[in-house]
Amino acid sequence: MNVTPLIPATDGVSTALNAWFVANARDLPWRRDGFGAWGILVSEFMLQQTPVNRVIPRLEEWLARWPTPAALAAVPPSEAVRAWSSLGYPRRALWLHAAAVQITELHGGIVPSDIDELLALTGIGDYTARAVAAFAYGHRHPVVDTNTRRVIARAIAGAGEPSPPNRGRDLDAMNLLLPQSVQEAALFNAAIMELGAVVCTSRSPHCDVCPIRNACAWRAADYPEYTGAHKTVQKKFAGSDRQVRGLIMAELRSTHRSVTDAEINTLWPDPAQLQRALASLVADGLAIPVRDGYTLPD
DNA sequence: AAGCCGTGGCA
DNA sequence: TTGCCAAGGCT
């Protein structure tokens, strides 16, 4: 039987955003025709909490060297960690390598298109699973990242910032906006993210050039200040364990031989903090204890 | 479930 | 200068 899809009241928003996106989308590598599901997957890993401009060079090197999951799976994880370079959060390199092994062994080397199969891969959570299904395979799923949440909070809810992430509520809100058409839906998932990334930005949004400013609830309410719960503030980086971990990882990446305890001891003045950072890297599988020092995981 | 996990650009 | 924050995920 034929069911007429409900047309959401906000249909104009998705139409306007898609038109704007078609005309204004940045020319990014993963938007090129035929970029492939593996490239999309690698880009999504790298883009987790890392800006586009820092990702692009590492991504292109990565795909030139490992054009398939099987190619990455065939080298030791240490090579993935080295190629990750200073992108940050090096556990992602380990997880991406593990995912490549799983794709090779469990999926015949083909990146899955099913959200549950994607979620079962190491390092893939709700956002990345949906992003791969939507962007690599064109499936109609709501994809919700921090940009999308901010645009919805402002344009639809009339708040200056999104409230803390809530999976069910966020997916419901995006579902109300998502066009019925599979092709328009795929476009819209990218369009709303792009708007949040380049126009409806966190700090100084460019409302003067926003394609949906006339439909924006936040603007209509004259930009009220956000009053909800605030996101937990990041601890200071200088002097943190994260900084010490970063120093140790840079040292491990810099050579193919093991790094001695004596060399590691020169990296940080506080021995207790150094040992704590080292222990956490070992727990993460990023540093492996050897005879008189440490190496990357081979 | 709140805290942890890198790095660097920008206002 | 310093704090904010960036296509999250894991425990």
Side-chain angles (χ1 to χ4, degrees), chain A residues 21 25-26 28-31 35 39-59 81 84-96 98-99 118-136 141-152 160-162 164-167 170 174 189-198 200-206 226 229-253 276-287:
Chain A
F21 184 64
R26 291 170 293 174
L28 301 174
W30 43 92
R31 291 178 180 164
F35 194 70
I40 300 284
L41 179 60
V42 175
S43 76
E44 293 298 347
F45 264 86
M46 291 185 170
L47 287 164
Q48 292 168 6
Q49 299 289 284
T50 304
V52 164
N53 290 336
R54 220 175 298 165
V55 162
I56 290 174
R58 296 292 87 74
L59 175 68
V81 173
W84 198 258
S85 187
S86 59
L87 277 178
Y89 292 148
R91 291 184 295 187
R92 290 180 295 164
L94 230 40
W95 293 340
L96 177 53
L118 287 161
L119 282 172
L121 301 174
T122 305
I124 294 191
D126 203 56
Y127 164 75
T128 302
R130 292 171 172 279
V132 170
F135 300 145
H141 300 293
V143 180
V144 179
D145 79 327
T146 186
N147 293 305
T148 298
R149 296 194 325 103
R150 185 172 52 252
V151 173
I152 290 175
E161 299 172 29
N166 177 305
R167 184 196 129 87
D170 295 343
M174 184 59 175
N189 275 315
I192 191 168
M193 282 175 64
E194 182 81 346
L195 188 79
V198 304
C200 193
T201 51
S202 180
R203 273 171 290 188
S204 40
H206 308 286
Y226 178 70
H230 281 80
K231 56 188 79 171
T232 57
V233 289
Q234 266 183 35
K235 277 175 59 180
K236 181 152 66 174
F237 180 70
S240 68
D241 286 6
R242 299 163 77 166
Q243 183 183 15
V244 183
R245 283 172 54 107
L247 291 170
I248 297 169
M249 288 306 299
E251 188 70 16
L252 291 175
R253 262 188 263 116
R276 189 166 68 238
L278 220 27
S280 74
L281 289 173
V282 171
D284 286 343
L286 284 164

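In what follows, chains carry the letters A, B, and so on, assigned in the order in which the sequence lines appear, proteins first and then strands, with residues in each chain numbered from 1.
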Inset, instruction - For nucleotides C:dA7 and B:dA11, find the distance between their P atoms and express it as a whole number of Å. - result: 15 Å

Inset, instruction - Give the intermediate values and the outcome of side chain to side chain contact (heavy atoms under 4.5 Å, CB included) for residues A:Glu44 and A:Ile124. - result: CA-CA 9 Å; A:Glu44 293 298 347; A:Ile124 294 191; over 6 Å; no

Legend entry - Distance, rounded to the nearest Å, where A:Arg149 contributes CZ and C:dA6 contributes P: 10 Å

Inset, instruction - Answer with yes or no whether the side chains of A:Gln48 and A:Tyr127 bring together a donor and an acceptor at under 3.5 Å. - result: no

Inset, instruction - Using only side-chain N and O atoms of A:Thr232, determine if any of them is under 4.0 Å from OP1 or OP2 of B:dA2. - result: no

Inset, instruction - Would you check if A:Ser240 and A:Lys235 make a side-chain contact, meaning some heavy-atom pair closer than 4.5 Å? - result: no

Inset, instruction - Starting from P on C:dC4, measure out to OH on A:Tyr226 and report it in whole angstrom. - result: 15 Å

Inset, instruction - Rounded to whole angstrom, note down the C1' distance from B:dA1 over to C:dG9. - result: 13 Å

Inset, instruction - Scan for salt bridge (Lys or Arg N to Asp or Glu O under 4.0 Å) pairs involving residues 120-135 of chain A, sequence neighbours excluded, and state none if there are none. - result: A:Asp126-A:Arg130, A:Asp126-A:Arg167

Legend entry - Value in whole Å for how far the C1' atom of C:dG9 lies from CG of A:Leu96: 14 Å

Inset, instruction - Under 4.0 Å from any atom of DNA chain C, heavy atoms only: list the residues of residues 120-130 of chain A that qualify, in numerical order. - result: A:Gly123, A:Ile124, A:Gly125, A:Asp126, A:Tyr127, A:Thr128

Legend entry - Partners meeting side-chain contact (heavy atoms from CB on, under 4.5 Å) with A:Asn166 (sequence neighbours left out): A:Arg169

Inset, instruction - Please report, rounded to the nearest Å, how far the C1' atom of C:dC5 is from the NZ atom of A:Lys236. - result: 17 Å

Legend entry - A:Met174 side chain near A:Val143 side chain, heavy-atom distance below 4.5 Å: no

Legend entry - Residues forming a side-chain contact (heavy atoms from CB on, under 4.5 Å) with A:Pro164, sequence neighbours excluded: A:Tyr226, A:Ala229

Inset, instruction - Classify every nucleotide of nucleotides 4-11 of chain B by which part a protein heavy atom approaches to under 4.0 Å, writing B for the base, S for the sugar-phosphate alone and - for neither, in 5'-to-3' order. - result: SBBBBB--

Legend entry - Sugar-phosphate, base or nothing in reach of A:Thr148, heavy atoms under 4.0 Å: nothing

Inset, instruction - Quick one: list whatever passes side-chain contact (heavy atoms from CB on, under 4.5 Å) with A:Tyr89, sequence neighbours left out. - result: A:Gln49, A:Arg92, A:Arg242

Inset, instruction - Report the distance from atom CZ of A:Arg150 to atom P of C:dC4, rounded to the nearest whole Å. - result: 16 Å

Inset, instruction - Starting at atom NZ of A:Lys231, determine the distance to atom C1' of C:dA6, rounded to an integer number of angstrom. - result: 10 Å

Legend entry - Value in whole Å for how far the P atom of C:dG9 lies from CZ of A:Arg167: 11 Å

Legend entry - Distance in angstrom units between A:Glu161 CD and C:dA6 P, rounded: 10 Å

Inset, instruction - For A:Arg54 and A:Leu87, indicate whether the former's side chain and the latter's backbone hold a donor-acceptor pair under 3.5 Å. - result: no

